[in-house]
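Note that these values count all heavy atoms, side chains included, but never hydrogens, waters or copies made by symmetry. Quick note on labels: first sequence line is chain A, next is B, and so on, each numbered from 1. Not measured: the values here are computed from a predicted model.
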Amino acid sequence: MKIFNTLTNHKEPFVPLVPSRVGIYVCGVTVYDECHVGHARSAIVFDVLRRYLMYRGYQVTYVKNFTDVDDKIIKRAADEGITCDTVVGKYMHAYSRDMKRLGVGIPDVEPRATEHMSDIIRMIQAILDKGLAYRIDGDVYYRVSDCPAYGRLSRRPVADMQAVARVEVDTRKHDPMDFSLWKAAKPGEPAWDSPWGRGRPGWHIECSAMSVRHLGATFDIHGGGKDLIFPHHENEIAQSCTATGQAFARYWVHHGFVTIDEAKMAKSLGNFFTVREIVEQSNCPEPVTAEVLRYFLLSTHYRGDVNFAPAPMAAAKAALDNIYDLFIRLSEPPRHDSAPGTSFRNTLTAFQKTFEEAMDDDLNTPRVLAECQHLRAEVNQGQQGLSREERRDVRETFRRCGAPLGLFQLDEHTWSFRELSFGAASCRTAADQDCTDEWIQEQIQQRAQARAQQAFAIADSIRETLASRGIILEDRPDGSTRWKR
RNA sequence: GGCGCCGUACCCAAGUGGUUAAGGGGGCAGUCUGCAAAACUGUGAUUCAGCGGUUCGAAUCCGCUCGGCGCCUCCA
């Protein structure tokens, strides 16, 4: 498998430190608000990486942290007149709820900064002991000028950054580029005891401490959004290497942004959609909407930006409808139970090989989806001649290759074929819920009778009534009728 | 100002040195159907922002220009 490494700026063969074992650390969310589509993309990209490595037979340890002490949390708590603990509890819960909705697997470890204070303090002390940090009034800063490798990940010369630093510089710092490892406590803020007085950790140090704690000083993959390359990941490397005296993460994996009208989706710009509103205000069942979002996000390569909009979401829905439509036809008994042919088995074997080639090539999910659609067309062409066993094999192939992507796992009869849309106006109506399978069968019976008597006006009105409640009818060649929601 | 990414058909999007430039959406036409729906068939870029260069050969490598975006400050 090849994976693009930000550290070298190249696609490289992935070789883990310990054969057949992989350690992954991903920078998680700061829990101060609902998570939006950008967070969903991050979670889904690394969920796919993790699952595919497992598909490839690796034993994966996946660590994704919660940042639960931070300026934004403190501000949120102050704004709402509640405690930081309440804010943290509320949004950790919201995050886990949304990840479950999206079918994102729970990481093996979900460490929290506040539960690793001793690791953090020990790491800061190690950096101080080596002379690469200094203390000012209860704060501790990392001295960037003494770290020769600084700037390697983000490929920017330290001198250039200093020249045009737009940050309001804390004049007490020895150098504008130096960053804080420990912040002295301010009144009313969460604080912990340390050798430098009460205070709280700087943002970057928590990830260094937690990754080293759970995966060791040197581990395989460290990931996050590309906005974290500088300064967050650059600083993590500096701190960790200084503290442990060993190499830090070996492969750095960064994904692109979700954009709205081509502009980065961000809390500060206010141009974001939360996972919650997308799932709850959709007129499709939750698992269906979630799979559409996944398909949409995976239809662009993970390193590129992906523009979130109704039209491409609708396109993803239509593409998935085609696949689940095939699954329904495959679930029906064959017209003639012919003997399985070897050429068809070869088709499935070739597909799986192509799937693996595409995934091995830096997770080329757009190509995987194209191959899935190609297979769908191929199966549709010969569908009627397939044996019971071959039909089962097709469904099984989609299920197996779809598993690392989190796609094609739903039962075809629970899929919803209605148009996907958002907003209150298009929400599921109460009337839809009243359509029991029995009632639908009854309607289909009545329509069949009408058709038999050539009473097409009656037959069509029944079909329209069902359609208005989201029930779609399809007449088969043998005279029977298939329905779907 | 520094660093970096992107520009492929109506829309989305793979391909990044070599037979006919994947796939999806949408459009149009046909088969099927009482009519539909679904499925299937046919129909799409002599061309990859523009201009130069390297090469036997470039969407793919190099240079420049134009256009869009991101990071340098919290950020997935």
Exercise. Is the shortest distance from a Lys or Arg side-chain nitrogen in A/Asp68 or A/Arg112 to a carboxylate oxygen in the other one below 4.0 Å?
Worked result: yes
Exercise. What nucleic acid atoms does A/Leu473 come within less than 4.0 Å of, heavy atoms only: base, sugar-phosphate, or nothing?
Worked result: base
For this session: Quick one: sort the A/His233 and A/Trp252 rings into parallel, tilted or perpendicular, breaks at 30° and 60°.
Result: tilted
For this session: In whole angstrom, give the distance that lies between atom CG of A/Asp227 and atom P of B/rC5.
Result: 17 Å
Problem set entry | Any-strand Watson-Crick or G-U partner of B/rG67, both distances under 3.5 Å | B/rC6
Exercise. When all nucleic acid strands are considered with a 4.0 Å heavy-atom cut-off, which category describes A/Gly28: base, sugar-phosphate, or nothing?
Worked result: sugar-phosphate
Exercise. At under 4.0 Å between heavy atoms, what does A/His255 touch on the DNA or RNA strands: base, sugar-phosphate, or nothing?
Worked result: base
For this session: Could you tell me whether A/Arg303 contacts a base, only the sugar-phosphate backbone, or nothing, with contacts defined as non-hydrogen atoms closer than 4.0 Å?
Result: nothing
Seminar exercise, completed: 5'-most contact on RNA chain B (nearest-nucleotide basis), A/Tyr302 vs A/Met265, goes to A/Tyr302
Exercise. In whole Å, what is the span from the CD atom of A/Glu262 to the C1' atom of B/rC5?
Worked result: 14 Å
Problem set entry | Nearest-Å distance once atom C1' is located in both B/rU43 and B/rA36 | 23 Å
Exercise. Hey, does A/Val258 reach any base, or is it just sugar-phosphate, or nothing, if we go heavy atoms under 4.0 Å?
Worked result: base
For this session: Check every atom of B/rU41, B/rC69, B/rA76 against the side chain of A/Gln381 and return the nucleotide holding the closest atom.
Result: B/rU41
For this session: Report the relative orientation of the aromatic rings in A/Phe327 and A/Tyr324; use parallel for angles under 30°, tilted for 30 to 60°, perpendicular for over 60°.
Result: perpendicular
Exercise. Should A/Asp325 and A/Lys484 count as an ion pair when the cut-off is N to O under 4.0 Å?
Worked result: yes
For this session: Quote, to the nearest angstrom, the P distance that separates B/rU54 from B/rG1.
Result: 32 Å
Problem set entry | Residue matched to B/rU41 through Watson-Crick or wobble contacts both under 3.5 angstrom | B/rA29
Exercise. Rounding to the closest angstrom, what is the interatomic distance between B/rG23 and B/rG34 at atom P?
Worked result: 33 Å
Exercise. Roughly, in whole Å, what's the span from CZ in A/Phe355 to P in B/rA14?
Worked result: 17 Å
Problem set entry | Check: A/Phe179 ring centroid to A/His204 ring centroid under 6.0 Å | yes
Exercise. Got a sec: does the CZ of A/Arg476 have more than 12 other heavy atoms crowding it under 6.0 Å?
Worked result: yes
Exercise. Over how many whole Å does the gap from A/Asn307 atom CG to B/rG7 atom C1' extend?
Worked result: 14 Å
Exercise. Base, sugar-phosphate alone, or nothing: which one does A/Lys264 contact when heavy atoms must sit under 4.0 Å apart?
Worked result: base
For this session: Take atom CD1 of A/Ile44 and atom P of B/rA76, then tell me their distance rounded to the nearest Å.
Result: 16 Å
For this session: Name the nucleic acid region contacted by A/Arg41, choosing base, sugar-phosphate or nothing; use a 4.0 angstrom heavy-atom cut-off, strictly under.
Result: nothing
For this session: Between B/rC71 and B/rU8, how far apart are the C1' atoms? Round to whole Å, please.
Result: 26 Å
Exercise. When the P atoms of B/rA14 and B/rA49 are considered, how many whole Å apart are they?
Worked result: 14 Å
Exercise. If you look at every strand shown and take non-hydrogen atoms under 4.0 Å, does A/His36 touch a base, only sugar-phosphate, or nothing?
Worked result: base
Exercise. According to the Watson-Crick and G-U wobble definitions, with both distances under 3.5 Å, which nucleotide is paired to B/rA59?
Worked result: none
Between the protein and nucleotides 22-25 of chain B, list every N/O to N/O distance that falls short of 3.5 Å.
{"residue": "B/rG24", "atom": "OP1", "partner": "A/Arg376", "partner atom": "NH2", "Å": "3.3"}
{"residue": "B/rG25", "atom": "OP1", "partner": "A/Asn322", "partner atom": "ND2", "Å": "2.5"}

Problem set entry | Length of the line joining A/His254:NE2 and B/rC71:P, which is rounded to integer Å | 14 Å
Exercise. NA contact type, A/Asp325, heavy-atom cut-off 4.0 Å: base, sugar-phosphate, or nothing?
Worked result: sugar-phosphate
For this session: Classify the side chain of A/Asn9 and the base of B/rC5 as holding, or not holding, a donor-acceptor pair under 3.5 Å.
Result: no
Problem set entry | A/Asn380 vs B/rC40: side-chain N/O to OP1/OP2 distance below 4.0 Å | yes
Problem set entry | Spacing of NZ belonging to A/Lys173 relative to OG belonging to A/Ser180, to within rounding of 0.5 Å | 7.5 Å
For this session: Answer yes or no: are there more than 12 heavy-atom neighbours, outside A/Ile136 itself, under 6.0 Å from its atom CD1?
Result: yes
Exercise. Is a donor-acceptor contact shorter than 3.5 angstrom present between the side chain of A/Arg463 and the base of B/rA36?
Worked result: yes
Problem set entry | Donor-acceptor pair under 3.5 Å, A/Asp305 side chain vs B/rG70 base | no
Problem set entry | Separation of the C1' atoms in B/rA13 and B/rA21, to the nearest angstrom | 13 Å
Exercise. Using a cut-off of 4.0 Å on non-hydrogen atoms, how would the nucleic acid contact of A/Gly38 be classed: base, sugar-phosphate, or nothing?
Worked result: base
For this session: Would you mind classifying the nucleic acid contact of A/Phe296 as base, sugar-phosphate or nothing, using non-hydrogen atoms under 4.0 angstrom?
Result: nothing
Exercise. Salt bridge check: are A/Asp146 and A/Arg143 linked by an N-O gap of less than 4.0 Å?
Worked result: yes
Exercise. Is A/Arg451 touching bases, backbone alone, or none of the nucleic acid, heavy atoms closer than 4.0 Å?
Worked result: base
For this session: Just call it for A/Arg447: base, sugar-phosphate, or nothing, with non-hydrogen atoms closer than 4.0 Å on any strand.
Result: base
For this session: Find the partner of B/rA14: check Watson-Crick (N1-N3 plus N6-O4 or O6-N4) and G-U wobble (N1-O2, O6-N3) distances, both under 3.5 Å, and reply none if neither fits.
Result: none
Problem set entry | Spacing between A/Asp70 atom CG and B/rC74 atom P, to the nearest angstrom | 10 Å
Problem set entry | Of A/Val306 and A/Glu474, the one whose closest RNA chain B nucleotide lies more 5' | A/Val306
For this session: Determine the Euclidean distance between corresponding C1' atoms of B/rC6 and B/rA59; express it in Å to zero decimal places.
Result: 14 Å
Problem set entry | Any-strand Watson-Crick or G-U partner of B/rU20, both distances under 3.5 Å | none
For this session: Report which part of the nucleic acid A/Asn364 touches: base, sugar-phosphate, or nothing (heavy-atom distance under 4.0 Å, all strands).
Result: sugar-phosphate
Problem set entry | Whole-angstrom distance between B/rG42 and B/rA58, as gauged at atom P | 31 Å
Exercise. Do NZ/NE/NH1/NH2 and the carboxylate oxygens of A/Arg391 and A/Glu332 come within less than 4.0 Å?
Worked result: no
Problem set entry | Step-by-step ring pair (Phe, Tyr, Trp, His ring centres under 6.0 Å) determination, A/Tyr91 to A/Tyr32 | CA-CA 6 Å; A/Tyr91 293 111; A/Tyr32 76 106; 7.6 Å; no
For this session: Please state how far atom CG in A/Leu228 lies from atom P in B/rU73, giving the value in whole angstrom units.
Result: 14 Å
Problem set entry | Base partner of B/rG34, which must satisfy Watson-Crick or wobble distances under 3.5 Å | none
